[in-house]
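Read the structure below first, then the notes.
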Amino acid sequence: MMFLNIMHEWDEDQENQALSQVCEHVKTKMTLEKSIDLENNADQHWDNFYSVHQEKFFKNRCWLFTEFPEIKSLKDEKSSCILEVGCGVGNSVFPILSHCSGTNVHVYCCDFSSNAIKILKENSEYNEEHCTAFVCDITNDDWNPPFALESLDIILLVFVLSAVKPEKLKHVVRKFYEYLKPGGIILFRDYGRYDMAQLRFKEGRCISENYYSRGDGTLVYFFTQDDLKNLFVDAGFEEVQNLIDRRMQVNRGKQLKMYRVWIQCKYRKPISK
């Protein structure tokens with residue numbers, strides 16, 4: 001399947017049309033009982049997702065080194081640690097391990113799904129000397145991680161915070177702050193408001209404003225730049241980057257236009273004086 005990526009700025013009409021669609025979603029919200037059940041069993045839905053798709057659903061994210069050169073710079077350090085939260089089956093982990101081969105970089109990675117971690121550990125590229133994978137619900141008070149407070153140089157978040165219930169995000173970001181070294185950085189990419197995936201939702205899939213359940217029961221929230229600025233700055237982080245990436249993807253075979261909206265951010269923990 002061939003896609004053409006084109007940078008795309010929205011005009012006022014397109015913005016208003018998207019807003020109108022999202023307002024219609026809110027009018028047909030799912031029942032509270034159903035939304036509570038989905039949230040209480042979120043781990044099961046992600047386990048089912050990885051049971052079905054295994055390691056075949058996502059492609060390896062080799063673009064990471066272009067968008068986040070901070071990962072490449074870890075090679076120059078004597079010893080450093082990176083944590084990927086929501087690592088899935090390793091589509092970021094294994095490119096990072098390959099890139100940092102022969103260095104003192106240790107990659108920690110965690111996911112909500114025990115099936116995802118099992119699949120990751122069964123990969124022939126998994127090496128416990130350089131990588132530690134573990135199951136973790138980041139919304140819990142105690143993570144029980146295999147690393148100490150203020151020990152991480154980088155925390156990588158790629159399409160993961162969108163799966164967290166919005167009311168729990170402040171707690172999660174405070175935990176990130178606790179485990180990052182002073183001067184450590186958050187590298188973030190996720191869904192932006194009015195992304196194609198949001199506009200395609202049907203009636204009854206909306207849990208609350210901009211927060212939805214997919215057909216497979218997994219959950220997703222769509223952010224604005226202000227959402228993220230407030231979230232991280234209120235937790236004590238300094239803003240390094242907060243940009244919106246709007247693209248039109250054209251499926252050349254089917255001549256379909258798909259409007260994607262992503263947000264990319266970098267937030268640094270201040271160096272203690």
Side-chain angles (χ1 to χ4, degrees), residues 3 5 38-39 42-43 45-50 52-68 70-71 82-96 107-113 115-117 119-120 133 135-139 154-166 168-169 172-173 175-176 185-201 205 207 210-225 227-228 231-232 241-247 249 258-267:
F3 287 99
N5 270 296
L38 285 167
E39 289 166 346
D43 58 336
H45 294 299
W46 281 110
D47 272 344
N48 291 340
F49 175 90
Y50 287 110
V52 171
H53 298 290
Q54 298 289 304
E55 75 282 9
K56 300 177 181 67
F57 192 81
F58 300 110
K59 295 180 180 179
N60 280 356
R61 294 165 175 151
C62 297
W63 53 265
L64 285 173
F65 309 109
T66 302
E67 298 297 334
F68 300 131
E70 293 84 356
I71 298 173
I82 179 170
L83 167 68
E84 186 189 10
V85 177
C87 62
V89 295
N91 298 101
S92 298
V93 170
F94 293 119
I96 293 171
V107 179
Y108 293 98
C109 53
C110 67
D111 200 276
F112 199 25
S113 166
N115 277 348
I117 295 299
I119 294 166
L120 187 153
V135 177
C136 182
D137 180 351
I138 59 171
T139 66
I154 291 175
I155 296 178
L156 178 64
L157 308 167
V158 181
F159 298 99
V160 60
L161 283 196
S162 53
V164 175
K165 185 177 180 179
K168 295 183 177 181
L169 285 171
V172 170
V173 172
K175 299 293 286 186
F176 295 155
I185 194 166
I186 297 276
L187 303 178
F188 173 98
R189 189 170 180 86
D190 217 320
Y191 297 104
R193 189 72 45 84
Y194 306 148
D195 179 68
M196 170 196 75
Q198 180 178 17
L199 301 184
R200 283 185 170 182
F201 275 108
R205 289 290 175 189
I207 296 172
N210 307 300
Y211 182 45
Y212 299 81
S213 167
R214 300 184 181 94
D216 60 7
T218 60
L219 307 176
V220 59
Y221 181 81
F222 296 87
F223 293 99
T224 66
Q225 289 170 283
D227 284 340
L228 295 162
L231 190 62
F232 283 99
Q241 181 188 75
N242 184 329
L243 59 85
I244 194 158
D245 181 356
R246 288 192 177 96
R247 301 191 185 202
Q249 292 183 334
M258 296 173 288
Y259 295 99
R260 307 312 311 260
V261 184
W262 299 305
I263 297 180
Q264 183 166 301
C265 299
K266 301 176 184 180
Y267 285 91

> salt bridge (Lys or Arg N to Asp or Glu O under 4.0 Å) with D190: which residues, sequence neighbours excluded?
Replying inline: none

>> Going by the rule salt bridge (Lys or Arg N to Asp or Glu O under 4.0 Å), which residues pair with R205 if we only count those two or more places apart in sequence or in a different chain?
In response: none

>> So, using side chain to side chain contact (heavy atoms under 4.5 Å, CB included) as the criterion, who are the partners of E39 when residues are at least two apart?
In response: K165, I207, Y211, L219

> Which residues satisfy the side chain to side chain contact (heavy atoms under 4.5 Å, CB included) test with V172, sequence neighbours excluded?
Replying inline: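 Result, side chain to side chain contact (heavy atoms under 4.5 Å, CB included) vs V172: I138, T139, L161, V164, F176.
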
Taking ring pair (Phe, Tyr, Trp, His ring centres under 6.0 Å) as the test, write out the residues that go with [X], two or more places apart.
X: F112; answer: none
X: Y212; answer: H25, F201, F222
X: F68; answer: none

> Under the 6.0 Å and 45° cation-pi test, does R246 pair with W262?
Replying inline: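 Here R246 fails the 6.0 Å and 45° test against W262.
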
I'd like to check [X] versus [Y] (side-chain heavy atoms, cut-off strictly below 4.5 Å). Are they in contact?
X: I263; Y: L243; answer: no
X: V220; Y: Y191; answer: yes
X: C136; Y: D111; answer: no
X: F159; Y: F188; answer: no
X: L156; Y: L64; answer: yes
X: L157; Y: C265; answer: no

Rounded at 0.5 Å granularity, tell me how far [atom1] in [X] sits from [atom2] in [Y].
X: I186; Y: I155; atom1: CD1; atom2: CD1; result: 4.0 Å
X: C87; Y: I96; atom1: SG; atom2: CD1; result: 10.5 Å
X: N210; Y: F223; atom1: CG; atom2: CZ; result: 10.5 Å
X: M196; Y: R247; atom1: CE; atom2: CZ; result: 14.0 Å
X: L228; Y: Q241; atom1: CG; atom2: CD; result: 12.0 Å

>> I'd like to know whether V173 forms a side-chain contact (heavy atoms from CB on, under 4.5 Å) with F232, so could you lay out the CA-CA distance, the side-chain angles of the two residues, the decisive distance to 0.1 Å, and finally the verdict.
In response: CA-CA 7 Å; V173 172; F232 283 99; 3.6 Å; yes

> Considering all heavy atoms of both residues, which atom of C109 and which atom of I117 are nearest to each other, and what is their separation?
Replying inline: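 Shortest heavy-atom contact: O-CD1, 4.4 Å.
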
>> If I compare all heavy atoms of V85 with all of V160, which pair ends up nearest, and what's the gap?
In response: O-CG1, 3.6 Å

Kindly write out the residues that satisfy side chain to side chain donor-acceptor pair (under 3.5 Å) with [X], not counting sequence neighbours, or none if the list is empty.
X: E70; answer: K266
X: K175; answer: none
X: Y267; answer: E239, N242
X: D227; answer: R193, Y221, T224

> Do D216 and T218 have a side chain donor and acceptor closer than 3.5 Å?
Replying inline: yes

> Hey, mind stepping through Q264 and D245 against side chain to side chain donor-acceptor pair (under 3.5 Å) and telling me if it holds?
Replying inline: CA-CA 7 Å; Q264 183 166 301; D245 181 356; over 6 Å; no

